[in-house]
Amino acid sequence: MRFGNSTPGPWQHNPQNPTRLQGPKDETIGGLYGDVVGVDNQFTNARLMAAAPTMYQYLSTQSDDKSTSIIEDISSDTLASSWTHTDDNPRLIKEDSTTLASVFGGIQGELEQRDNARLIVAAPAMRVYLQQKASNGDSEAAEIIALL
């Protein structure tokens, strides 16, 4: 399942160079910054951002209150997350005042860019949800967590 106008998954990053987030047609979804956060955190952020569509798809198959709440919050852009984005162009993904990435629009332009940013901002909350499901024995959640 795809979120709104977001770039379809799977997304990926180059495991040797985490500066670029790509879609399945090798389109650039975003550029990640590492100078302030350090290269190890940049790699961690790249893996987490790349997993956003996969995590969203998993959440969309769940029927509990928490998964429903996260999905509704992503749609309404009200998700409480340690990551945020602005309405400026390009949409900057930030943690506190540190810029982590710039999100680009693809074929659909601004709508795709906005929805990609919403998925990326939701990645930390989706990760927490999947970690809880994996710790309760959900093997599908554990497989996704292993990607991170």
Side-chain angles (χ1 to χ4, degrees), residues 1-62 64 66-75 77-86 90-108 111-148:
M1 172 178 234
R2 175 178 169 183
F3 169 67
N5 293 298
S6 67
T7 303
W11 294 355
Q12 60 190 353
H13 72 93
N14 181 332
Q16 283 74 44
N17 182 351
T19 61
R20 188 168 166 230
L21 188 62
Q22 300 168 260
K25 297 178 183 172
D26 204 31
E27 65 272 42
T28 300
I29 294 167
L32 284 84
Y33 305 112
D35 292 342
V36 177
V37 299
V39 73
D40 289 341
N41 284 335
Q42 187 180 21
F43 274 103
T44 300
N45 291 342
R47 285 190 302 273
L48 183 56
M49 289 178 191
T54 303
M55 292 188 295
Y56 180 83
Q57 183 173 347
Y58 173 85
L59 262 73
S60 69
T61 66
Q62 304 301 299
D64 58 79
K66 185 63 178 173
S67 63
T68 302
S69 175
I70 292 171
I71 287 173
E72 287 174 357
D73 288 349
I74 293 169
S75 297
D77 212 15
T78 60
L79 184 72
S81 176
S82 59
W83 290 0
T84 60
H85 71 94
T86 68
R91 298 191 193 288
L92 300 177
I93 305 299
K94 294 186 175 191
E95 185 169 46
D96 297 322
S97 61
T98 302
T99 301
L100 304 176
S102 291
V103 179
F104 305 115
I107 296 168
Q108 297 179 34
L111 292 175
E112 188 172 9
Q113 182 185 37
R114 183 201 65 213
D115 287 351
N116 287 347
R118 286 177 172 181
L119 276 183
I120 291 170
V121 165
M126 291 189 293
R127 176 185 53 199
V128 168
Y129 176 84
L130 269 87
Q131 286 170 329
Q132 292 170 345
K133 295 292 276 190
S135 69
N136 289 331
D138 186 314
S139 60
E140 185 179 358
E143 287 177 24
I144 297 168
I145 291 296
L147 300 173
L148 308 178

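Counting begins at 1 with the first residue of the sequence. Side-chain atoms are counted along with the backbone in the values below, which use heavy atoms only and exclude waters and symmetry mates. The model shown is predicted, which means the values in this text are computed figures rather than measured ones.
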Novice: For Gln57 and Thr54: C-alpha separation, side-chain torsions, deciding distance, then whether side chain to side chain contact (heavy atoms under 4.5 Å, CB included) applies.
Specialist: CA-CA 5 Å; Gln57 183 173 347; Thr54 303; 5.7 Å; no

Novice: Using modelled atom types only, decide if a donor and an acceptor are shared between the side chain of Ser81 and the backbone of Val121 within a distance under 3.5 Å.
Specialist: yes

Novice: Thr99: what forms a side chain to side chain donor-acceptor pair (under 3.5 Å) with it, not counting sequence neighbours?
Specialist: none

Novice: Does either side chain, that of Gln132 or that of Lys66, offer a donor lying less than 3.5 Å from an acceptor on the other one?
Specialist: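 Not at all, the side chains of Gln132 and Lys66 share no donor-acceptor pair under 3.5 Å.
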
Novice: Examine distances only and state if a side-chain atom of Asn116 and a backbone atom of Thr7 form a donor-acceptor pair shorter than 3.5 Å.
Specialist: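 Yes, the answer is positive, given that a donor and an acceptor are paired below the 3.5 Å cut-off.
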
Novice: How far apart are the closest heavy atoms of Arg20 and Glu27, and which atoms are they?
Specialist: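 For Arg20 and Glu27, the tightest heavy-atom pair comes out as NH2-C, 4.5 Å.
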
Novice: Go through Thr19 and Gln42 one step at a time and tell me if the side chain to side chain contact (heavy atoms under 4.5 Å, CB included) criterion holds.
Specialist: CA-CA 8 Å; Thr19 61; Gln42 187 180 21; 3.5 Å; yes

Novice: I need the minimum non-hydrogen distance between Phe3 and Ser75, along with the two atoms involved.
Specialist: CE1-OG, 3.6 Å

Novice: Given Met49 and Ile29, is the side chain to side chain contact (heavy atoms under 4.5 Å, CB included) satisfied, shown in steps?
Specialist: CA-CA 10 Å; Met49 289 178 191; Ile29 294 167; over 6 Å; no

Novice: Atom CG in Leu148, atom CE in Met126: separation rounded to 0.5 Å?
Specialist: 10.0 Å

Novice: Checking side chain to side chain contact (heavy atoms under 4.5 Å, CB included) for the pair Ile70/Met55: CA distance, chi angles, key distance, verdict?
Specialist: CA-CA 11 Å; Ile70 292 171; Met55 292 188 295; over 6 Å; no

Novice: Looking at side-chain heavy atoms only, is the closest gap between Lys133 and Ile144 below 4.5 Å?
Specialist: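 Of all side-chain heavy-atom pairs linking Ile144 with Lys133, none is under 4.5 Å.
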
Novice: Looking at CD1 of Ile120 and CG of Asn45, how far apart are the two atoms once the value is rounded to the nearest 0.5 Å?
Specialist: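 So the gap between those two atoms works out to 10.5 Å.
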
Novice: Using only atom types and a distance under 3.5 Å, with no angle test, would you say the side chain of Gln113 pairs donor to acceptor with the backbone of Val103?
Specialist: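 A pair under 3.5 Å: yes.
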
Novice: Please enumerate all residues that pass side-chain contact (heavy atoms from CB on, under 4.5 Å) together with Gln131, with sequence neighbours excluded.
Specialist: Arg127, Val128, Ile145

Novice: In this structure, are over 12 heavy atoms from other groups packed under 6.0 Å from Asp40 atom CG?
Specialist: no

Novice: Which residues satisfy the side chain to side chain donor-acceptor pair (under 3.5 Å) test with Asp138, sequence neighbours excluded?
Specialist: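 Once residues adjacent in sequence are excluded, the partners of Asp138 under the side chain to side chain donor-acceptor pair (under 3.5 Å) criterion are Tyr58.
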
Novice: Give a yes or no on whether the backbone of Leu100 and the side-chain of Glu95 come within a donor-acceptor separation of less than 3.5 Å.
Specialist: no

Novice: At their closest point, which heavy atom of Ala52 faces which heavy atom of Leu119, and how far apart are they?
Specialist: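 Reported closest heavy-atom pair: CB-O, 3.7 Å.
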
Novice: Using every non-hydrogen atom in the two residues, find where Ser67 and Leu59 come nearest and quote the distance to one decimal.
Specialist: CB-O, 3.8 Å

Novice: Work out which heavy atom in Glu112 is nearest to a heavy atom in Ser6; give both atom names and the distance.
Specialist: CG-C, 4.2 Å

Novice: Do you know which two heavy atoms are closest between Pro8 and Pro24, and how far apart they sit?
Specialist: O-CD, 3.1 Å

